[in-house]
Amino acid sequence: LDSLLQEMIGKYMMNAMRLAPQMARSFSTPGNSPVWSLGKLNHVAIAVPDLEAATAMYRDVLGATVSEAQGLPEHGVTTVFVNLDNTKLELLHPLGEKSPIAGFLQKNKAGGIHHICIEVNDIEEAVKELKAKNIRCLSETTRIGAHGKPVMFLHPKDCNGVLVEIEQE
């Protein structure tokens, strides 16, 4: 299981690194002064069919520190964060009948990587600029995410097939 997980993350990270030069840039106003910029990778989210089993695997088998489960009814998920030295993994499990994770798990029975989250230093300006560049957002306005900060999800068809969440630093 550990080698399979490492292989999956390795493939995902290779693809992310290949795309990083396209994404790791500051967006500027016509006067060429930066308005907002990308920050660090906050987390990689993994949809899981069994939250207790997934939490136990990271905690008991891999020795990671994990958070308590947190229900986010407004997002239709229950989350557990796995703390790593350089970032976090967010385990996602469906909560409620209209959960977007339920649909993901119907297509991916074993679960899998759902999205990545990148911090930005000014989310409102970032959303405004991205919309102006025809990047579709999955909601009209930012919403409060699992960390208590504003977030926005960007359409995967506009982000090289990856569901990208941006979060205020």
Side-chain angles (χ1 to χ4, degrees), residues 3-30 32-49 54 58 72 74-77 79-94 98-147 149-169:
S3 62
L4 177 61
L5 179 63
Q6 286 179 338
E7 181 182 335
M8 285 174 50
I9 291 174
K11 286 180 182 178
Y12 186 80
M13 294 309 290
M14 291 286 288
N15 193 37
M17 290 172 64
R18 183 178 59 80
L19 299 173
Q22 298 169 7
M23 296 182 72
R25 62 184 187 268
S26 295
F27 290 84
S28 303
T29 61
N32 206 28
S33 61
V35 175
W36 66 276
S37 62
L38 289 175
K40 68 179 185 170
L41 175 68
N42 184 282
H43 64 267
V44 174
I46 304 169
V48 297
Y58 284 100
L72 299 171
E74 64 278 10
H75 293 278
V77 297
T79 65
V80 169
F81 282 95
V82 178
N83 296 306
L84 306 174
D85 285 343
N86 59 346
T87 192
K88 295 179 284 296
L89 301 177
E90 179 184 34
L91 305 179
L92 300 172
H93 187 72
K98 296 183 180 180
S99 173
I101 300 305
F104 181 90
L105 288 171
Q106 284 178 347
K107 296 175 192 166
N108 306 278
K109 301 288 184 204
I113 294 175
H114 183 262
H115 69 268
I116 63 169
C117 177
I118 304 171
E119 295 178 0
V120 295
N121 63 349
D122 187 336
I123 195 164
E124 297 303 330
E125 285 297 323
V127 168
K128 187 164 96 176
E129 179 89 20
L130 290 166
K131 284 181 177 182
K133 293 181 180 290
N134 296 317
I135 302 295
R136 289 172 286 177
C137 297
L138 299 188
S139 61
E140 286 299 313
T141 60
T142 58
R143 299 187 300 174
I144 299 302
H147 297 112
K149 298 177 181 180
V151 300
M152 176 62 75
F153 284 89
L154 308 178
H155 200 292
K157 288 185 179 176
D158 299 335
C159 298
N160 303 296
V162 177
L163 177 60
V164 175
E165 176 185 20
I166 56 174
E167 177 181 274
Q168 179 66 45
E169 290 179 331

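Heavy atoms only: backbone and side chains are in, while hydrogens, waters and symmetry mates are out. Just so it is clear, the model here is predicted, and its values are computed rather than measured.
If you take CD1 on Ile118 and SG on Cys159, they are separated by 8.5 Å, rounding to the nearest 0.5 Å. Between the CZ atom in Phe153 and the SG atom in Cys137 there is a gap of 11.5 Å [rounded to 0.5 Å]. Separating the CG atom in Leu163 from the CG atom in Leu138 is a distance of 6.0 Å, to the nearest 0.5 Å. Atom CG of Leu154 is separated from atom CD1 of Ile135 by 7.0 Å, given to the nearest 0.5 angstrom. The distance from the OG1 atom of Thr79 to the CG atom of Leu89 is 12.5 Å, given to the nearest 0.5 Å.
For residues 159-169, the set of pairs meeting the salt bridge (Lys or Arg N to Asp or Glu O under 4.0 Å) definition, not counting sequence neighbours, is empty. Among residues at least two apart or in separate chains, there is no salt bridge (Lys or Arg N to Asp or Glu O under 4.0 Å) pair with a member in residues 105-115. Annotation: salt bridge (Lys or Arg N to Asp or Glu O under 4.0 Å) contacts involving residues 80-92, sequence neighbours excluded, are absent.
The minimum heavy-atom distance linking His75 with Gly145 is given by the pair NE2-CA, 3.9 Å. The two residues Pro49 and Ala110 come nearest to each other via the heavy atoms CD-O, 3.7 Å. Closest of all the heavy-atom pairs between Gly76 and Pro100 is O-CD, 4.3 Å.
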Inset, instruction - Step by step, work out the side-chain contact (heavy atoms from CB on, under 4.5 Å) result for Asn83 and Tyr58. - result: CA-CA 10 Å; Asn83 296 306; Tyr58 284 100; over 6 Å; no
Inset, instruction - Take Ile123 and Ile166 through the test side-chain contact (heavy atoms from CB on, under 4.5 Å) and record every step on the way to the result. - result: CA-CA 7 Å; Ile123 195 164; Ile166 56 174; 4.1 Å; yes
Legend entry - Stepwise side-chain contact (heavy atoms from CB on, under 4.5 Å) test for Ile116 and Leu41: CA-CA 8 Å; Ile116 63 169; Leu41 175 68; 4.3 Å; yes
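Looking at residues two or more places apart in sequence or on another chain, you find a side chain to side chain contact (heavy atoms under 4.5 Å, CB included) between Ile144 and Pro150. Here Arg143 pairs with nothing under the salt bridge (charged side-chain N to carboxylate O under 4.0 Å, His left out) rule; sequence neighbours left out. With sequence neighbours excluded, no residue satisfies side chain to side chain donor-acceptor pair (under 3.5 Å) with Ser99. Scanning for side chain to side chain contact (heavy atoms under 4.5 Å, CB included) contacts around Glu125 gives Val35, Trp36, Asp122, Lys128, with sequence neighbours left out. By the side chain to side chain donor-acceptor pair (under 3.5 Å) test, Asn108 pairs with no residue at all, sequence neighbours left out. For the side chain to side chain contact (heavy atoms under 4.5 Å, CB included) test, residues two or more places apart in sequence or in another chain that qualify with Ala47 are Ile101, Phe104, Leu105, His114. Remark: Asp158 pairs with Arg136 by the salt bridge (charged side-chain N to carboxylate O under 4.0 Å, His left out) rule, at least two apart or across chains. His147 pairs by the ring pair (Phe, Tyr, Trp, His ring centres under 6.0 Å) definition with His43, Phe81, not counting sequence neighbours. With sequence neighbours left out, the ring pair (Phe, Tyr, Trp, His ring centres under 6.0 Å) criterion links His93 to no other residue.
Between the side chain of His155 and the main chain of Lys157, a donor-acceptor pair closer than 3.5 Å is present. Counting only distance, with no hydrogens or angles, the side chain of Lys131 and the backbone of Glu140 share a donor-acceptor pair below 3.5 Å. In this structure, Gln168 contributes its side chain and Asn121 its backbone to a donor-acceptor pair below 3.5 Å. Counting only distance, with no hydrogens or angles, the side chain of Thr87 and the backbone of Asn42 share a donor-acceptor pair below 3.5 Å.
Put simply, the side chain of Leu38 reaches to within 4.5 Å of the side chain of Val120, judged on heavy atoms.
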